[in-house]
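Only one structure is covered here, and it is reproduced in the block below.
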Amino acid sequence: GEDVEQSLFLSVREGDSSVINCTYTDSSSTYLYWYKQEPGAGLQLLTYIFSNMDMKQDQRLTVLLNKKDKHLSLRIADTQTGDSAIYFCAESIGGTSYDKVIFGPGTSLSVIP
Amino acid sequence: EAQVTQNPRYLITVTGKKLTVTCSQNMNHEYMSWYRQDPGLGLRQIYYSMNVEVTDKGDVPEGYKVSRKEKRNFPLILESPSPNQTSLYFCASGTGGDRYGYTFGSGTRLTVV
């Protein structure tokens with residue numbers, strides 16, 4: 001079946017690196033995403049990685065994809081208090097008529113000053 | 001500005017009183033979807049639409065209705081709300097599971113008493 005799992009909470013100190021992990025079950029994923037949800041707001045696409053890539057770097061963000069283990073991670077370098085938010089992992093699964101996107105439960109990141 | 005607009009942001013209603021949450025997008029997206037967000041459960045899809053007059057059930061459609069008479073609008077209708085429909089609702093639009101992901105509205109917090 002289709003399922004995306006994440007740990008629900010992560011706490012880090014300001015200036016440290018944060019690593020948020022995600023596992024998914026469908027091996028036919030095309031794109032994998034990380035969304036960020038700040039308090040009182042909707043989800044915003046943070047970054048994505050195509051399924052044939054292993055790594056993607058975008059400024060302070062590094063996405064690692066291990067297709068064999070169906071494991072996705074998001075590393076935030078030099079974590080700031082403004083990074084406190086809920087981070088959702090999501091996968092896009094190709095279908096017959098459209099690509100369905102499955103979201104994980106979200107990881108709440110708390111940054112301690 | 002490209003956006004998804006939901007109204008209202010907050011709504012408190014009584015059991016059984018019909019309500020509609022509106023959703024509008026200005027990006028000419030074919031795909032639109034409604035999700036509900038509950039603590040620890042992530043985002044669960046209620047209904048989605050691939051184009052005008054084309055709608056289909058998501059994972060949790062019971063108690064909800066939708067319509068897609070125009071490309072830009074996708075209202076969510078609760079004919080007879082119940083307390084278990086108290087939740088945070090998000091509308092999203094996109095072109096499918098591609099690198100752009102989905103654009104989300106700011107959310108509607110619904111309380112049914």
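Note that the structure is a prediction, hence the values are computed from the model and not measured. Reminder, nothing fancy here: chain letters follow the sequence lines and each chain counts from 1.
- Heavy-atom neighbours of Glu53(B) CD from other residues, nucleotides or ligands within 6.0 Å: above the threshold of 12.
- For Arg9(B), the part lying under 4.5 angstrom from a heavy atom of chain A is the side chain only.
- Using a 4.5 Å cut-off between heavy atoms, Gln37(B) contacts chain A through its side chain alone, with no backbone atom that close.
- Proximity to chain A (any heavy atom under 4.5 Å) is shown, for Leu43(B), by both the backbone and the side chain.
- Of all the listed residues (Leu8(A), Leu43(A), Leu45(A)), the one sharing the greatest number of non-hydrogen pairs under 4.5 Å with chain B is Leu43(A).
- Within the 4.5 angstrom heavy-atom criterion, no atom of Phe50(A) approaches chain B.
- Of all the listed residues (Ala92(B), Gly105(B), Pro39(B), Gly42(B)), the one sharing the greatest number of non-hydrogen pairs under 4.5 Å with chain A is Gly42(B).
- In the model, Arg68(B) has no side-chain atom that pairs as donor or acceptor with a side-chain atom of Thr55(B) under 3.5 Å.
- Gln6(A) pairs with exactly one of Thr107(A), Asn21(A), Thr23(A) by the side chain to side chain donor-acceptor pair (under 3.5 Å) rule, that one being Thr107(A).
- Less than 6.0 angstrom separates the ring centroid of Tyr31(B) from the ring centroid of Tyr102(B).
- Partners of Val112(B) by side-chain contact (heavy atoms from CB on, under 4.5 Å), not counting sequence neighbours, listed by chain and number: Thr13(B), Thr15(B), Pro81(B), Pro83(B), Thr86(B), Leu110(B).
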